[in-house]
Every structure is written in C-alpha cells, then in structure tokens.
Participant: 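Take a look at the following structure, please.
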Amino acid sequence: MAYNHKKIEAKWQKYWKQKKFFTAKDNVKGKKNYYHLVMFPYPSGNAHIGHWYNYAPADVFARFKRMEGYNVLSPIGFDAFGLPAENAAIKRGVSPETWTLSNIKNMTRQLQAMGNIYDWSRMVVTCLPDYYKWNQWIFLQMYKKGLAYRKKVAANWCPSCKTVLANEQAEGGKCERCGTSVEQKEVTQWLLKITDYADRLLEDLDTLDWPERTKSMQKNWIGRSEGAEIDFPIEESELKIKVFTTRADTLPGVTYLVLAPEHPLIKILDARIRNKNSVRDYLEKSKHKTELDRLTDVKEKSGVELQGIKVINPFNKKIISVWVSDYVLGGYGTGAVMAVPAHDERDFDFAKKFELPIIQVVSENGKQNKLEAAFVNDGVMVNSGELDNLPNNIAKDRIIESIGAKKKINYKFRDWLISRQRYWGTPIPVIYCKECGTVPVPEKDLPVKLPKIKDYLPDGLGRSPLAKSEKFLKVRCPECGGPAERETDTMDTFIDSSWYYLRYLDPKNKKSFAESLKIKNWMPVKMYVGGPEHAVMHLLYARFFTKFLHDEGYLDFKEPFVSLRHQGMILGPDGQKMSKSRGNVIDPDELVEKFGADSMRIYLCFMAEYSQGGPWDPTGILGAYRFLNRVNDLFAKIKFDKKVKPDNGSGKDHKDLNRLLHKTIKKVGEDVAGFKFNTAVSSLMILLNEMEKKKDAVNKNMAENYIKIMVPFAPHIAEELWQNLGNKKSVHIEAWPEYSKHLIEDEEVEILIQINGKLRDKILMPKGSSQQEIEKIAMSKEKIKEFLTGKPKKTIFVPDKLINIVI
RNA sequence: GCCCGGGUGGCGGAAUUGGCAGACGCACACGACUCAAAAUCGUGCGGAUAACAUCCAUGAGAGUUCGAUUCUCUCCCCGGGCACCA
C-alpha cells in the first residue's frame with residue numbers, strides 16, 4: 001500500500017518548525033561551523049523544476065554535513081530587484097513592490113514544501129530598504145576610495161524608447177521593447193573599478209575548489225595579456241600615436257597604423273585630414289553598425305585612410321600611413337594598433353583589401369617566404385637589420401629596450417557599468433549641486449528610499465522613471481544647503497547579489513551590514529551551489545566585493561566561496577529547454593501533490609549526474625516513488641509484526657547483510673561528499689533489494705542505520721519510520737552512522753581467471769591467497785584446461801583480483 | 001576560429017592508480033494475483049547464433065599493454081563559453 005506522503009510531509013514539516021530544528025545558532029559548543037549556500041532565487045512567481053534541482057540535492061549535502069557533526073547554516077532569501085517586476089507593473093498596473101512581495105509569498109510556500117533545512121528566520125529580501133541601504137553604503141565606501149566613478153561611456157541607446165539599454169536588453173542590436181536598431185550613444189554613467197582588482201581576481205582563482213571550466217571562463221573573461229606600449233610620432237607634429245602590442249618583435253614589419261573610429265586623435269587632427277568627407281562618412285557608418293553587422297564584417301574588413309597624416313616607425317624611421325577601421329576596438333588597449341600584415345591575420349586581410357605593403361620579419365627557416373596567409377608562429381628574424389637570425393622572442397625584448405618602449409599589461413574586461421535607467425532597483429546615493437558638484441549622500445541619511453510612483457516608463461530624456469518624482473528629485477545639497485538634484489539612476493541588480501551571503505549572518509543589523517564576529521564565525525562560505533550561467537558575472541562581482549571589503553578591513557578572508565558546484569539543467573521530456581511556448585514545462589507542484597517531496601528529492605538526485613542534468617522523464621519519478629514505498633513497507637512492517645531481532649542476530653544472511661550495510665554507509669557518505677547523488681541513491685536501492693530478499697535477517701539496529709543514511713534524501717519518511725520504531729526524539733539530531741572498517745573487509749574474494757587477457761572463469765578464494773594456491777585451483781578447472789592449448793609464457797597476478805595466463 | 005565539457009543498451013545512467021562493460025532505475029515483454037483493470041510481486045531484457053558454450057560490441061581509425069570505456073595520436077559528431085582583445 002502506498003504511504004500517505006501528504007500527511008507525513010505536512011506533519012513533520014510542522015514538527016521541525018515548532019522545534020526550530022533548523023534555526024542556526026552562531027555557535028554550538030564542540031561543533032565546527034559550516035556555511036552552506038545556494039544561489040538565491042529571483043521571485044518570478046513560481047518555483048520551477050530548475051529551483052528544485054538546484055536546491056534539493058544541495059540540501060542533501062547540507063543535511064549530510066549536519067549529520068557529520070557540523071553546525072550548518074543553510075540560508076535562503078530572494079534576489080528581488082529586477083526588470084520583470086517593472087514589466088509586470090506596466091502590463092498589469094500593480095506596483096513592482098506588490099508584485100514582488102506576493103511572488104515571494106508564493107515561492108516561500110513552495111520552497112518550504114521541499115523540506116529543506118533552510119533557516120527561514122534569516123531570510124533576506126534585497127528590495128527592502130533594510131537591505132539596499134547597505135548597497136548604498138558599500139557604494140559610498142567605494143566612492144571614497146575612488147573605485148566608484150562617473151564617466152562618459154558609449155552605451156546602447158534606443159532612439160525610439162529614448163533610453164539606455166543593458167547589453168542583455170539589446171541582443172542582436174535590436175531594442176527588446178520595440179525592435180528598433182540600437183545605436184551607440186555617449187552617456188554619463190557610474191562605474192565600479194573592478195579592473196583595479198584584475199590581477200588578484202586572476203591569481204586567487206588558483207586557491208579555489210571550483211569547477212575548472214568556471215575558473216577558465218573567469219580567466220578568459222579577465223583576459224590578461226602582456227605586451228608593450230609603443231609611441232609612433234606623427235610627422236610634422238608634437239603628437240604621437242600610442243599603440244599596444246604583444247608582438248613588439250614584429251615592429252620592423254609594421255607597414256601602417258590603424259585607429260578605432262572612436263579614437264580622440266581623429267578629431268584633433270581633423271584640420272590636417274585631406275579626405276575629411278570620406279572619413280566622416282566612415283565614422284558615421286560605424287556608429288550605426290549593429291552588433292550583428294560587426295560580426296558579419298569579421299571576414300570583410302572596411303576602413304579609410306587618414307590622408308595627410310603620416311607617422312614614423314620608431315624602429316627603422318620609415319614613414320607609414322594611418323587608417324581608421326572598426327576592426328580596432330576603441331575600448332581595448334590604446335584604441336590604436338600597429339599593423340603587421342605579415343604576422344597578424346586581421347592585418348593581413350586588411351592589407352590585401354587596401355593593397356598595403358606586407359613585409360615578413362619572422363620566418364620559420366630564416367628565409368623570406370611567399371606568404372599565402374599571416375605567419376603567426378615563432379621563428380627567427382628576417383628583414384630586420386642587425387636583428388636578423390635572432391629568435392623572435394629574444395628580439396622582442398631587444399626592440400622594446402632599444403626604442404625605450406614601456407612594458408604593459410592589458411585586460412579584456414572593463415570596469416563594471418552599474419547605472420540603470422530603471423525604477424525597480426537601488427537608488428544611487430548621490431546628489432548633484434550646482435555649487436558643490438557631485439556630493440555623496442551622507443551615511444546618516446541612508447537609505448535613500450525608492451519613491452512610490454505611478455508611471456514606470458522612462459521620462460524620455462534618457463533618465464530613469466525616478467526623475468518623474470519631484471519629491472525624490474529635488475533635494476537640498478548636504479554641503480551647502482542649496483537646491484540640488486538627486487541621481488535618478490538605480491544600481492545594477494548584480495550589486496545586490498555581490499554581498500547577500502554576508503547579510504544572512506546578521507540580517508536585522510541596523511548598525512552595519514553584519515557584525516564582524518558573526519562574519520568571523522561563518523565566513524567564508526564552505527560550499528556554494530548554483531547554476532553555471534553565473535560563471536562570470538555574479539561569481540566575479542561577488543569576489544570583487546569580498547576583496548574590496550577585505551581591503552577596507554571588514555573581512556579577514558579574500559575569497560567568499562571556498563568550494564563551488566554547479567547543477568546541470570533539466571530539460572523538457574522532449575530534450576528541449578523548458579518553455580511555455582513549447583509546452584514542455586514540468587510543474588513541480590503537481591508532482592509534489594502526486595508523489596511527495598521525498599520522491600522528488602530522491603528522483604532529482606538519482607536521475608542524472610548532478611552537474612550534467614538532462615531531460616525530465618515523466619515516468620522516471622515512479623521509480624523513486626516505488627522505492628520509498630518499499631522502504632516504508634519493509635520497515636513499517638518490522639515494527640508491527642514484532643519481528644525485530646536482537647542486535648546480535650547471527651547467521652550468514654545477517655552477516656552478509658550487515659557487511660553490505662556498512663559498505664553502503666561508507667559509499668553513500670563518500671558519494672554525497674563528492675556530489676555523486678545518483679550513485680548514492682543507487683546504493684541505497686541495492687541495499688534495500690538485499691534487505692527485502694533477506695527480510696528475516698534484518699534487525700532493528702540495521703533498520704535504524706538504514707533510515708539514518710536515508711535522512712538527507714528523504715527526510716520526511718525517514719522521520720516517520722524512525723519515530724515509528726519507538727524513538728522518541730527526532731532522527732534529525734542523529735549523527736551519520738560510522739561504518740566498521742573491520743566489517744566491510746570481505747573474507748572471500750572472487751578471482752578472475754583470464755587467458756590472454758580474456759575472462760574465462762572465476763573462482764572464490766580466501767582473501768590474501770597466494771599465486772600458487774590460485775594457480776593450482778585454476779589449472780584444475782576443466783574450462784581452463786580447454787583453453788590452455790599452448791605453453792604458458794608468463795602469468796600476471798594481481799592479488800585478490802585476477803590471474804592472467806599468457807600463452 | 002579559439003577554450004572547456006561530452007559521445008557506453010530502447011531511455012537516464014554505472015564502472016578510472018588500466019583488470020568481470022552495462023550496476024541502479026525507467027520503458028518493454030511474459031507470468032502470478034484479479035471477473036477485469038490499476039497497483040503489487042516474480043522472471044527476462046546490448047547484438048549475432050539452436051545454444052547454458054562461443055563470437056562481436058563503449059562515436060571512427062590507429063598505437064601502447066598480458067589486458068584499454070579508462071592512457072597516447074588522428075579524425076567525426078553533440079553541448080557550452082568566448083569571439084576582430086592587436
């Protein structure tokens with residue numbers, strides 16, 4: 001008979017809540033603290049199967065750590081600011097706040113149904129002033145240190161909506177709202193100087209127990225490259241063009257320079273440019289290029305020469321031309337490159353198209369070759385005067401030295417642009433005064449609260465909807481008391497998630513973001529579980545914040561997350577990404593109703609390798625459900641039939657079963673610790689199968705041990721069975737059982753008999769049998785004799801494993 | 001193009017200091033129970049063959065080895081990330 005999961009799960013969830021089992025104390029005598037964290041959800045309205053897949057197996061791990069004897073903190077909250085709330089508000093006429101808070105209420109109910117050990121008393125909701133006050137406070141600390149600054153940058157601008165868009169909102173170069181082509185527009189925005197931390201963000205990756213691919217993604221994202229900056233003097237001028245290169249060795253082969261369209265010198269040199277009109281045309285065209293255009297242009301280079309401008313190659317004093325092309329990026333390096341068509345693919349393409357000279361200076365064989373394409377490998381110098389025949393890597397340093405160039409390190413990633421022209425976010429705590437300029441809001445005036453407004457559309461001037469609230473906008477300058485205006489942009493919501501793990505430690509603190517003793521108690525996070533989609537943004541920003549707060553003396557560690565694991569993605573039954581339009585969405589609520597949270601937990605653990613994920617099998621969960629029913633049948637009946645045997649029951653079945661039990665205790669523990677939830681469940685299944693076969697040999701002690709190792713996976717049914725066995729206290733204060741090293745040793749082992757590496761027979765032998773003993777028995781086997789057609793050349797013997805006779 | 005993953009039955013997946021390929025589960029088939037169905041229980045389940053024997057089989061091909069899903073090389077395919085970064 002199927003057990004009543006609804007009744008049981010509700011009953012024990014209530015019981016745990018009443019007993020405050022999972023309210024984490026900051027200190028428990030004799031126990032080490034363990035901070036276990038999952039990436040908090042965005043309150044979209046409904047918990048979906050992806051949330052379950054992140055949180056349920058992660059909770060299995062947390063519960064296991066708890067049973068191992070750690071004082072575990074496993075908190076949860078909501079990443080509650082963000083665009084969807086605004087869109088819902090515009091569409092349905094409810095305020096973003098109302099929408100968000102009601103979603104949080106619903107999702108709280110859903111998450112609680114999972115039966116996780118979350119400490120709900122520490123819930124953090126980032127859209128509440130108590131929380132975002134500290135976003136503003138951290139911003140001000142960064143401002144003081146010069147790490148938060150305002151700058152004119154090129155941003156995605158939709159001319160129809162008259163707003164700046166985030167990159168995610170301008171994918172493919174089209175505005176998400178209206179489909180208009182996005183332009184690059186210069187706007188003044190707030191940025192955080194994350195690039196100051198580039199080297200530390202890179203180096204400290206080595207200290208982390210994170211998936212390799214995540215670390216390498218961060219490495220690529222930061223994109224460190226070592227090179228040199230070289231000045232090219234402009235003819236008949238005091239000015240110079242500075243370029244960055246990693247290949248200073250190719251300087252003798254430079255045949256022209258290329259500037260990015262945004263390069264400031266183009267304007268400065270305007271008077272001397274002879275072909276002004278075609279240059280202006282080109283600049284105008286590249287401004288309107290969408291991302292898509294740029295991508296398709298990779299193959300076909302475009303550009304225009306700055307006629308009338310010549311520069312001097314500092315190595316050989318040759319006079320060379322200067323071009324403008326959008327294959328050079330304004331934001332990287334110096335926005336200008338020295339072109340070496342012989343040794344750079346892009347320059348090669350460009351030179352071919354515009355019929356510019358190509359001079360080889362590095363050669364594989366020390367001779368001048370006919371180049372069909374750029375030669376990018378190492379070699380020896382040619383066409384380079386006295387440097388000829390030197391290996392290019394040695395020539396590199398010589399050249400840098402001889403022309404007095406500066407070595408320089410460049411990074412691909414940029415400072416973090418945090419200004420958003422949106423309503424539903426943290427107001428940036430800055431005031432602009434005509435007299436005093438930019439004035440940070442004094443800390444005592446925090447939080448700058450988000451005003452309630454009615455219209456969430458931008459004001460048409462590229463400012464956030466906050467500008468529409470006069471009450472918010474007009475303010476007295478904190479310095480001179482004169483009339484001033486507030487900054488109306490809000491912060492990127494990634495700010496919220498960059499430090500939320502610290503707030504869980506002290507969520508109600510009014511004096512600081514968290515008390516330092518509490519931080520000391522818990523941080524850093526020992527295990528962090530969440531999706532791989534956050535490999536660069538969130539996980540990089542959080543590391544940056546931690547390093548900043550460390551430098552300010554608030555934290556005594558440099559990395560927030562010691563270990564990190566990713567869950568895979570659950571796809572629809574059709575193998576496609578779940579989406580409403582495809583109609584392949586699996587609703588966890590329905591499944592919980594039908595099979596219960598325990599079945600869900602077991603199946604999610606079992607269905608795939610955790611980091612891999614895969615398609616949802618609608619019938620698969622039946623296996624988990626059947627398994628739990630069989631566990632229930634077995635252990636519930638033991639009690640009622642009063643068949644419980646004394647703990648020292650004897651007999652072969654009992655002995656075998658007990659050995660398997662202890663092996664399983666070991667295996668499940670190791671598997672969970674290694675995030676191999678699927679094989680852990682499978683060993684629980686194997687043990688159950690054996691116990692069912694040898695029912696009479698199962699005693700109470702075994703049943704209890706089985707229930708204990710099942711607790712992390714199926715906590716509700718485990719509690720029910722535990723207390724049914726006559727235990728008065730919760731199974732959740734029980735420790736993970738210890739396995740007996742002695743017991744798991746097999747007395748007899750199966751020895752494989754191979755002939756020429758092929759398995760021919762197996763024999764059961766006492767552990768530690770010698771080669772002679774085994775050989776003797778093996779040779780006497782009829783089956784083996786049959787195959788022993790020739791003389792044995794040699795015999796390979798692996799103790800307790802196999803014997804291989806080579807003929 | 002570059003950098004990571006990955007490719008094993010009908011399906012999800014096990015198995016690694018190189019040593020029984022396919023654990024465990026799903027699906028399926030047959031049987032038991034039932035008037036019947038569902039549920040449950042039992043048996044079978046990579047391919048070839050009459051076969052309990054034997055041979056073949058872990059994307060393809062080669063190599064190292066007594067022995068390769070596991071190590072090396074070449075190639076193909078799938079997923080993800082980055083992508084004119086000088």
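First the proteins, then the strands, lettered A, B, ... as listed; each starts at 1. In this text, all values refer to a predicted model and were calculated from it rather than measured experimentally. Just so you know, these numbers use all the heavy atoms, side chains as well, and skip hydrogens, waters and symmetry mates.
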Participant: Can you confirm whether or not the ring centre of A/Phe494 sits under 6.0 Å from the ring centre of A/Trp416?
Facilitator: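 Centroid distance A/Phe494-A/Trp416: not below 6.0 Å, so no.
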Participant: If we take the C1' atom in both B/rG10 and B/rG5, what is their distance in whole Å?
Facilitator: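 Their C1' atoms lie roughly 26 Å apart.
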Participant: On a whole-Å scale, what distance lies between the C1' atoms belonging to B/rG67 and B/rG19?
Facilitator: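 Their C1' atoms lie roughly 7 Å apart.
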Participant: Who is the Watson-Crick or G-U wobble partner of B/rA37, with both distances under 3.5 Å?
Facilitator: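 Check on B/rA37: unpaired, no WC or wobble geometry under 3.5 Å.
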Participant: Mind checking the C1' distance from B/rC66 to B/rC75? Whole angstroms is fine.
Facilitator: 29 Å
Participant: Within the side chain of A/Asn678, is there an N or O that forms a donor-acceptor pair under 3.5 Å with the backbone of A/Met607?
Facilitator: no
Participant: Of the listed nucleotides (B/rG12, B/rA86, B/rA14), which one gets closest to any side-chain atom of A/Thr679?
Facilitator: B/rA14
Participant: Output the rounded distance in Å from CZ (A/Arg565) to P (B/rG5).
Facilitator: 15 Å
Participant: Does A/Arg213 make a side-chain N or O approach to OP1 or OP2 of B/rC82 shorter than 4.0 Å?
Facilitator: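 No, A/Arg213 has no side-chain N/O under 4.0 Å of OP1/OP2 on B/rC82.
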Participant: Do the side-chain N or O atoms of A/Asn689 get closer than 4.0 angstrom to the phosphate oxygens (OP1, OP2) of B/rG25?
Facilitator: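 Yes, within the criterion.
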Participant: Are side-chain N/O atoms of A/Tyr411 and A/Asp199 paired as donor and acceptor at under 3.5 Å?
Facilitator: yes
Participant: Would a 4.5 Å heavy-atom cut-off, applied to side chains only, mark A/Phe627 and A/Phe606 as touching?
Facilitator: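 When only atoms from C-beta onward are counted, A/Phe606 and A/Phe627 do not touch, as no gap falls below 4.5 Å.
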Participant: Identify whether any heavy atom of A/Gly335 sits under 4.0 Å from a base atom; if not, whether one sits that close to sugar-phosphate; answer base, sugar-phosphate or nothing.
Facilitator: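 Here A/Gly335 touches no strand at all.
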Participant: Under 3.5 Å for both donor-acceptor distances, Watson-Crick or wobble: does B/rG79 have a partner, and if so which one?
Facilitator: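 WC or wobble partner is B/rC4.
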Participant: CG of A/Leu802 versus P of B/rC66: gap in Å, rounded?
Facilitator: 14 Å
Participant: Sort out the partner of B/rA27 for me: Watson-Crick or G-U wobble, both distances under 3.5 Å, none otherwise.
Facilitator: none
Participant: Taking OP1 and OP2 of B/rC20, is either one under 4.0 Å from a side-chain nitrogen or oxygen of A/Lys762?
Facilitator: no
Participant: Using the glycosidic torsion, which applies to B/rG67: syn (within 90° of 0) or anti (everything else)?
Facilitator: anti
Participant: Let's test this: given Watson-Crick or G-U wobble pairing with both distances under 3.5 Å, identify the partner of B/rG63.
Facilitator: B/rC71
Participant: Could you walk me through whether A/Glu609 and A/Ser611 pass side chain to side chain donor-acceptor pair (under 3.5 Å), step by step?
Facilitator: CA-CA 6 Å; A/Glu609 207 275 299; A/Ser611 65; 2.8 Å; yes
Participant: Taking the same atom, C1', in B/rC35 and in B/rA27, what whole-Å distance lies between them?
Facilitator: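 Rounded to whole Å, the distance is 29 Å.
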Participant: From C-beta outward on A/Val328, which listed nucleotide comes closest to its side chain: B/rA23, B/rA86, B/rG13?
Facilitator: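 Nearest to the side-chain atoms of A/Val328, counting from C-beta on, is B/rA86.
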Participant: Would you give the length of the straight line joining atom CG of A/Asn629 to atom OG of A/Ser599, rounded to the nearest 0.5 angstrom?
Facilitator: 7.0 Å
Participant: A/Trp221 has a side chain; which of B/rG25, B/rA86, B/rC82 sits nearest to it?
Facilitator: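 Side chain of A/Trp221 sits closest to B/rC82.
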Participant: Distance check: side-chain N/O of A/Tyr332 vs OP1/OP2 of B/rA86, anything under 4.0 Å?
Facilitator: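 Affirmative; the distance criterion is met.
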Participant: Would you mind reading off the distance between A/Tyr610 atom OH and B/rG13 atom P, rounded to a whole angstrom?
Facilitator: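 Nearest whole value for this atom pair: 15 Å.
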Participant: Rounded to the nearest Å, what distance is computed from the CD atom of residue A/Gln754 to the P atom of nucleotide B/rG18?
Facilitator: 15 Å
Participant: Would you say A/Asp415 and A/Thr195 are linked by a side-chain donor-acceptor pair, where the criterion is simply a distance under 3.5 Å?
Facilitator: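 Note: A/Thr195 and A/Asp415 side chains meet the donor-acceptor criterion.
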Participant: Reckon A/Arg626 has a side-chain N or O less than 4.0 Å from the OP1 or OP2 of B/rC26?
Facilitator: yes
Participant: Give one of base, sugar-phosphate or nothing for A/Glu609, where a contact means two heavy atoms less than 4.0 Å apart.
Facilitator: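 A/Glu609: backbone/sugar contact only, no base atoms under 4.0 Å.
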Participant: Quantified in whole Å, what is the P atom distance between nucleotide B/rG13 and nucleotide B/rA21?
Facilitator: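 Pairwise P distance, B/rG13 against B/rA21, rounds to 23 Å.
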Participant: Report the distance from atom CD of A/Glu692 to atom P of B/rC24, rounded to the nearest whole Å.
Facilitator: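 Taking atom P of B/rC24 as the reference, CD of A/Glu692 is at 13 Å.
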Participant: Which part of the nucleic acid, if any, lies within contact of A/Arg630, taking any heavy atom under 4.0 Å across all strands shown: a base, the sugar-phosphate backbone alone, or nothing?
Facilitator: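 It contacts sugar-phosphate atoms only.
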Participant: With nearest nucleotides of RNA chain B determined for A/Gly620 and A/Met217 from heavy-atom distances, which residue corresponds to the more 5′ nucleotide?
Facilitator: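 This one resolves to A/Gly620.
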Participant: For B/rA15, which nucleotide in any strand shown is its Watson-Crick or wobble partner with both distances under 3.5 Å?
Facilitator: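 Pairing partner: none.
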Participant: When you compare B/rG7 with B/rU70, how far apart are their P atoms, in angstrom units rounded to a whole number?
Facilitator: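 Each nucleotide's P atom is 11 Å from the other's.
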Participant: Taking for each residue the nucleotide of RNA chain B with the nearest heavy atom, is it A/Met607 or A/Arg760 whose nucleotide lies nearer the 5' end?
Facilitator: A/Met607
Participant: To the nearest angstrom, how far is A/Gln576 atom CD from B/rC78 atom C1'?
Facilitator: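 Rounding to the nearest Å, CD of A/Gln576 and C1' of B/rC78 are 13 Å apart.
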Participant: Both distances under 3.5 Å, Watson-Crick or G-U wobble: report the partner of B/rC55, or none.
Facilitator: B/rG47
Participant: Hey, does the side chain of A/Lys758 come within less than 4.0 Å of B/rC56's phosphate (OP1/OP2), counting only N and O?
Facilitator: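 So the side chain of A/Lys758 is within the cut-off, an N or O lying under 4.0 Å from OP1 or OP2 of B/rC56.
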Participant: Measuring only the P atom in each nucleotide, how far is B/rA68 from B/rG61? A whole number of Å is fine.
Facilitator: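 Result for the P pair: 15 Å, nearest Å.
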Participant: Could you tell me how far B/rA60 sits from B/rC78 if I compare only their C1' atoms? Round to whole Å.
Facilitator: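 So the two C1' atoms sit 15 Å from each other.
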Participant: A/Asn804 has a side chain; which of B/rC20, B/rC66, B/rC24 sits nearest to it?
Facilitator: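 Given the options B/rC20, B/rC66, B/rC24, the side chain of A/Asn804 is closest to B/rC66.
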Participant: Between B/rU40 atom P and A/Asp633 atom CG, what is the distance in whole Å?
Facilitator: 10 Å
Participant: When the distance from CE of A/Met600 to P of B/rG25 is rounded to whole Å, what number comes out?
Facilitator: 21 Å
Participant: Out of the candidates A/Thr250, A/Asp249, A/Leu251, only one should pair with A/Lys396 under the side chain to side chain contact (heavy atoms under 4.5 Å, CB included) rule; please name it.
Facilitator: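 Exactly one pass, corresponding to A/Asp249.
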Participant: Tell me if the side-chain of A/Lys412 makes a donor-acceptor pair with the base of B/rC82, cut-off 3.5 Å, by modelled atom types.
Facilitator: no
Participant: Under 30°, 30 to 60°, or over 60°: which ring-plane class applies to A/Tyr603 and A/Trp616, parallel, tilted or perpendicular?
Facilitator: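 Rings of A/Tyr603 and A/Trp616: perpendicular, as their planes differ by over 60°.
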Participant: Under 4.0 angstrom, heavy atoms only, what part of the nucleic acid is A/Leu622 near: base, sugar-phosphate, or nothing?
Facilitator: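 Sugar-phosphate contact only - A/Leu622 comes under 4.0 Å of backbone atoms but never of a base.
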Participant: Would you say a side-chain N or O of A/Asn220 is under 4.0 Å from OP1 or OP2 of B/rC2?
Facilitator: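 Checking A/Asn220 against B/rC2: no side-chain N or O falls below 4.0 Å of OP1 or OP2.
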Participant: OP1 or OP2 of B/rA86 sitting under 4.0 Å from any side-chain N/O of A/Ser225?
Facilitator: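 For B/rA86, OP1 or OP2 has a side-chain N or O of A/Ser225 closer than 4.0 Å.
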